[in-house]
Amino acid sequence: MKEVYIETYGCQMNVADTEVIFSILEKEGYHRCEDIDRADIIMANTCSIRDNAEQRILGRIEQFVLQRKSRPVIIGILGCMAERMKEQLLSGGKVDIVAGPDAYRRLPQLLEAAADGHPQIDVILSREETYADISPLRLDKNGVSAYISIMRGCNNVCSYCVVPYTRGVERSRDCSSIVREACECVQKGYREVTLLGQNVDSYHFGDVDFAGLLEMVARISPQLRLRFSTSNPQDISDSVLKVMASYPNICHHIHLPVQSGSDRILEKMRRRYSRAWYLERVARIREYMPDCAISTDVIAGFCSETEEDHQLTLSLFEEVRFDAAFMFYYSERPGTLAAKKYPDDVPIEVKTRRLNEIIALQNRLSLESNRADLGKVFEVLVEGPSKKGGQLCGRAGNNKMCVWVDETHKAGDYVNVKVVDCSQATLLCELI
Ligand code: SAH
Ligand code: SF4
Ligand code: F3S
């Protein structure tokens with residue numbers, strides 16, 4: 001009864017957490033199983049960020065239950081939805097284990113008790129837990145790129161956002177354990193690490209801030225590429241930009257979620273910056289690194305958003321000319337400040353129309369951004385074969401996906417390629 005299958009939903013943090021979970025379970029004699037039809041324990045590491053994310057997982061639980069027709073199976077819900085919905089998930093008798101993001105060390109005990117037929121719940125949030133001492137069991141297929149979680153939780157309480165409730169207060173992980181984990185990655189052959197946090201710029205451990213941490217990790221090896229996510233416009237500092245500009249192995253890409261281009265909406269969202277501040281930060285980034293790619297997140301149709309507010313978002317996109325964006329329409333999350341204070345009053349048709357307008361604009365901007373790279377030479381880290389035979393794929397420092405014909409290189413190599421053509425999503429290149 002020790003074969004464990006886990007499906008992971010949501011953000012990169014959850015991917016990193018699933019790797020921690022497998023590490024904890026393997027120590028207790030459990031094994032990772034990639035085939036749901038053979039697993040004794042089926043779990044989902046879940047996301048609550050929008051309602052449709054939760055609906056999808058609720059649907060998945062029904063399919064997990066069907067597995068019980070052929071054998072006894074323990075079903076577990078982990079992560080953000082476990083934390084948000086708590087006991088609700090146990091009612092109905094489908095789920096045996098509900099474990100929040102800070103309860104993973106106790107999973108072996110929970111599994112044992114659940115195997116004896118007693119449903120288990122642990123949704124206690126911690127002020128200290130960072131899983132600092134646990135070496136994650138890496139799950140990526142190519143062995144090239146790894147996630148390293150540098151902090152947990154969030155103290156920002158943006159009014160629309162469920163994360164502070166599902167992940168608890170912000171805490172930074174001991175910088176020496178981060179450096180140790182990055183060194184382990186290098187030893188195992190990894191060539192790229194992505195440092196993860198909800199607001200990496202507020203990282204602080206002793207007197208090490210995020211700029212200091214970046215520098216510590218960048219110095220480990222010039223062969224190890226460094227990325228990070230997510231930067232918050234209110235906190236991203238010039239010292240971080242300086243460090244980025246001075247280490248060639250730190251990729252020139254910043255994910256800087258703007259959420260809205262209207263100051264009135266930003267204030268209601270409790271984002272603590274203005275449009276002008278955001279544009280100033282973008283200008284600074286480009287001053288330090290003219291070639292730095294900038295991507296963003298945006299929410300269409302937040303409470304009380306007018307056509308004028310929406311136009312301000314579109315004009316901000318035009319002004320910044322983002323290289324990429326993740327675009328959503330507002331989904332009210334129970335318990336958040338916005339849910340308590342503001343009616344969700346933009347009709348769904350209007351939300352969808354505005355979102356589609358943003359997507360259409362960004363599609364054009366992404367294509368234009370890619371066209372501007374035609375003729376440029378990039379150093380690309382090979383991730384592996386692309387979907388098309390005979391071709392390899394990998395990312396340039398600016399995070400754009402490159403594909404090129406190549407019979408000689410393999411995952412983990414650095415190669416120089418020249419951009420000869422592009423689509424909105426990909427740079428088509430030649431090996432040089
Ligand atoms: N910590 C990051 C965001 C993490 S959540 C930051 O502050 O930028 C990822 C993205 O999901 C957010 O940037 C936001 O665009 C989106 N999102 C969060 N809550 C949402 C909601 N209630 N409805 C729609 N989108 C939401
Ligand atoms: Fe959510 Fe805001 Fe924290 Fe990001 S910074 S996780 S949007 S509360
Ligand atoms: Fe991530 Fe979703 Fe939780 S975005 S932090 S898994 S709510």
Side-chain angles (χ1 to χ4, degrees), residues 3-27 30-36 45 104 131-150 173 177-196 214 216-229 247-251 253 378-417 426-427 429 431:
E3 295 291 314
V4 184
Y5 169 91
I6 303 182
E7 267 174 28
T8 306
Y9 296 84
C11 62
Q12 297 164 326
M13 290 279 198
N14 259 13
V15 176
D17 279 1
T18 298
E19 297 184 331
V20 165
I21 293 166
F22 271 120
S23 174
I24 292 168
L25 292 179
E26 293 232 322
K27 277 211 181 70
Y30 293 90
H31 307 289
R32 175 175 178 227
C33 168
E34 289 181 75
D35 179 2
I36 189 170
N45 190 4
Y104 300 146
Y131 301 108
D133 56 312
I134 294 175
S135 294
L137 186 90
R138 303 276 170 211
L139 298 177
D140 61 293
K141 293 222 164 57
N142 54 27
V144 172
S145 186
Y147 292 135
I148 300 184
S149 174
I150 63 164
R173 176 177 170 188
S177 79
I178 296 169
V179 170
R180 193 209 64 230
E181 192 175 325
C183 289
E184 280 172 17
C185 287
V186 173
Q187 278 152 18
K188 287 184 193 146
Y190 283 88
R191 293 302 188 99
E192 181 176 88
V193 295
T194 305
L195 307 181
L196 297 178
L214 263 185
M216 286 164 83
V217 181
R219 281 188 181 148
I220 293 173
S221 158
Q223 289 291 305
L224 184 70
R225 262 191 181 184
L226 193 47
R227 298 185 182 276
F228 56 87
S229 188
Y247 286 85
N249 57 334
I250 305 180
C251 292
H253 167 227
F378 290 126
E379 187 184 52
V380 170
L381 173 60
V382 182
E383 288 180 14
S386 86
K387 279 169 236 146
K388 248 200 207 159
Q391 293 196 335
L392 293 179
C393 68
R395 281 170 202 282
N398 63 12
N399 209 34
K400 289 184 187 176
M401 185 51 87
C402 301
V403 298
W404 66 96
V405 176
D406 192 334
E407 305 283 337
T408 51
H409 295 95
K410 57 177 193 318
D413 290 346
Y414 285 107
V415 300
N416 284 317
V417 298
T426 317
L427 300 179
C429 305
L431 197 59

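Computed over heavy atoms, backbone and side chain alike; hydrogens, waters and symmetry mates excluded. Start at 1 with the first residue, then count along the sequence.
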Heavy-atom side-chain proximity of Asp17 to Tyr104 below 4.5 angstrom:
yes

The criterion is salt bridge (Lys or Arg N to Asp or Glu O under 4.0 Å); which residues satisfy it with Arg227, sequence neighbours excluded?
Glu192

Measuring from atom CD of Glu3 to atom CG of Asp35, what distance do you get when rounded to the nearest 0.5 angstrom?
10.0 Å

Can Glu181 and Arg138 be counted as an ion pair, charged N to O under 4.0 angstrom?
yes

Compare all side-chain heavy atoms of Arg180 with those of Ser177 and state whether any distance is below 4.5 angstrom.
yes

Within a reach of under 6.0 Å around NZ of Lys188, are more than 12 heavy atoms found that belong to other residues, nucleotides or ligands?
yes

Distance check, rounded to the nearest 0.5 Å: Phe228 atom CZ versus Thr194 atom OG1?
10.5 Å

Which atom names give the shortest non-hydrogen contact between Ile134 and Pro136, and what distance separates them?
O-CD, 3.3 Å

Give, for atom CD of Glu34 and atom CD1 of Ile6, the distance between the pair rounded to the nearest 0.5 Å.
12.0 Å

Exactly one of Val382, Leu381, Thr408 clears side-chain contact (heavy atoms from CB on, under 4.5 Å) with Val415, and that residue is Val382

Rounding to 0.5 Å, atoms CD1 (Ile250) and CG (Leu214) come to a distance of 5.0 Å

Check whether any side-chain N or O of Asn14 sits under 3.5 Å from a backbone N or O of Cys11 as a donor-acceptor pair, and report yes or no.
no

Is Thr426 reaching over with its side chain to a backbone N or O of Met401, donor-acceptor style, under 3.5 angstrom?
no

Separation of Ile21 CD1 from Tyr30 OH (nearest 0.5 Å):
13.5 Å

Ignoring hydrogens, what is the shortest heavy-atom contact between Ile220 and Ala182? Give both atom names and the distance.
CD1-CB, 3.5 Å

Which residues pass the side-chain hydrogen bond (donor to acceptor under 3.5 Å, both in side chains) test with His409, sequence neighbours left out?
Asp406

Strictly distance-based, threshold 3.5 Å: is any side-chain N or O of Glu379 a donor or acceptor partner for the main-chain N or O of Gly397?
no

With sequence neighbours left out, what residues match Asn416 under side-chain hydrogen bond (donor to acceptor under 3.5 Å, both in side chains)?
none

pair Ile148-Arg173: side-chain heavy atoms closer than 4.5 Å:
yes

Can you tell me how far the CD1 atom of Ile24 sits from the CG atom of Leu137, to the nearest 0.5 Å?
11.5 Å

For Tyr147, ring pair (Phe, Tyr, Trp, His ring centres under 6.0 Å) partners two or more places apart
none

For Ser386 and Val403 the tightest heavy-atom approach is CB-CG1, 3.9 Å

Show the nearest heavy-atom pair for residues Leu226 and Ala218, with the distance to one decimal.
CD2-N, 3.7 Å

Within a strict 4.5 Å, meaning less than it, do heavy atoms of the Leu224 and Val193 side chains meet?
yes

Holding to salt bridge (Lys or Arg N to Asp or Glu O under 4.0 Å), I want the full list of residues that pass it with Glu383, two or more places apart in sequence or in another chain.
Arg395

So, using side-chain hydrogen bond (donor to acceptor under 3.5 Å, both in side chains) as the criterion, who are the partners of Glu7 when residues are at least two apart?
Tyr5, Tyr9, Arg60

Testing the basics here: between Gly394 and Val380, what is the closest heavy-atom pair and its distance to 0.1 Å?
C-CG1, 3.4 Å

Of all the heavy-atom pairs spanning Ser145 and Tyr190, show the shortest one and how long it is.
N-CD2, 3.5 Å

Side chain of Tyr247, backbone of Val217: donor and acceptor closer than 3.5 Å?
no

